[in-house]
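The structure appears right after this line, and notes come after that.
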Amino acid sequence: MRVLGIDPGIAIVGFGFIDKQGHKLTPVQFGSIQTEANTDSAVRLQEIYEATVHLIDKYKPDAVAIEKLFFNKNVTTALTVGQARGVLMLAAVQKGIPIAEYTPLQVKQAIVGYGKAEKKQVQEMVRMFLKLASVPKPDDVADALAIAICHAHSAGLQQKLNGVGKS
């Protein structure tokens with residue numbers, strides 16, 4: 001199973017593709033989509049959408065996992081991140097790829113085992129799970145890989161739960 005993890009944003013979208021075979025997780029590609037600050041927001045959203053479609057076409061994920069938007073005190077930030085999430089999800093849906101959404105709490109729980117883990121702990125666990133030499137930068141990239149890992153673990157559990165009671 002190949003998973004695309006996405007940490008949405010308007011300035012920086014972190015992405016990470018990982019493969020899961022059995023219990024083994026392998027990084028495929030990761031990085032960020034970045035847009036210029038003084039560009040019209042509609043243009044920035046278009047750039048994010050087009051870059052995401054290109055990545056999906058190139059790496060062909062079986063699933064997309066994206067961070068759920070949590071309430072932000074800065075309403076403007078929450079709205080722009082919500083818009084970015086929309087175009088990211090649209091790119092996946094148009095390609096027929098199932099989307100899973102995870103809260104930051106769920107991701108921390110899956111990666112570290114503790115929902116209130118610090119960012120550095122999550123980043124170090126991502127590095128260890130994927131056997132990387134260093135923590136990916138910017139932070140959005142490490143967050144995207146954490147979301148992908150969360151889904152890789154959760155999807156297997158979900159499949160097992162769905163199989164319970166079926167004969």
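Each residue takes its place number in the sequence, starting with 1. Hydrogens, waters and symmetry mates play no part in the numbers below; they use all other heavy atoms, side chains included.
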Would you say [X] and [Y] make side-chain contact, with heavy atoms under 4.5 Å?
{"X": "Thr52", "Y": "Ile33", "value": "yes"}
{"X": "Ile97", "Y": "Ile56", "value": "yes"}
{"X": "Leu45", "Y": "Thr80", "value": "no"}
{"X": "Thr26", "Y": "Leu130", "value": "no"}
{"X": "Ile10", "Y": "Gln83", "value": "no"}
{"X": "Lys95", "Y": "Asp57", "value": "yes"}
{"X": "Pro136", "Y": "Leu145", "value": "yes"}
{"X": "Pro61", "Y": "Val3", "value": "no"}

>> If you apply the rule side chain to side chain contact (heavy atoms under 4.5 Å, CB included), what do you find for Ile18 with Leu4, and how did you get there?
In response: CA-CA 7 Å; Ile18 64 168; Leu4 165 56; over 6 Å; no
> Got a second to check how far Lys20's NZ is from Lys24's NZ, nearest 0.5 Å?
Replying inline: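 Lys20 NZ to Lys24 NZ: 13.5 Å, rounded to 0.5 Å.
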>> To the nearest 0.5 Å, what is the distance between OH on Tyr114 and CD on Gln121?
In response: 8.5 Å
> What pairs of residues pass the side-chain hydrogen bond (donor to acceptor under 3.5 Å, both in side chains) test when at least one of them lies in residues 99-113, not counting sequence neighbours?
Replying inline: Arg85-Glu101, Tyr102-His151, Thr103-Gln106
> Are the aromatic ring centres of His153 and Phe129 under 6.0 angstrom apart?
Replying inline: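 Yes, ring centres under 6.0 Å apart.
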Listed by chain and number, what are the side-chain contact (heavy atoms from CB on, under 4.5 Å) partners of [X], not counting sequence neighbours?
{"X": "Ser32", "result": "Ile12, Gln34, Pro138, Val141"}
{"X": "Val93", "result": "Ile99"}
{"X": "Leu90", "result": "Tyr49, Gln94"}
{"X": "Ala146", "result": "Val107, Ile111, Val122, Val126"}

Would [X] and [Y] show up in the same hydrophobic cluster when neighbours are defined by side-chain heavy atoms closer than 4.5 Å?
{"X": "Leu105", "Y": "Val112", "answer": "no"}
{"X": "Tyr59", "Y": "Leu88", "answer": "yes"}
{"X": "Phe17", "Y": "Ile147", "answer": "no"}
{"X": "Ile48", "Y": "Val64", "answer": "yes"}
{"X": "Leu79", "Y": "Val87", "answer": "no"}

>> Tell me which pairs pass salt bridge (Lys or Arg N to Asp or Glu O under 4.0 Å) where either residue lies in residues 116-134, with sequence neighbours left out.
In response: Lys119-Asp143, Glu124-Arg127
>> Salt bridge check, Asp19 against Arg2: does any charged N sit closer than 4.0 Å to a carboxylate O?
In response: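 Salt bridge: yes.
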> Taking all non-hydrogen atoms of both residues, which atom of Arg44 and which atom of Ala11 are closest, and how far apart?
Replying inline: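 Heavy atoms of Arg44 and Ala11 come nearest at NH2-CA, 3.4 Å.
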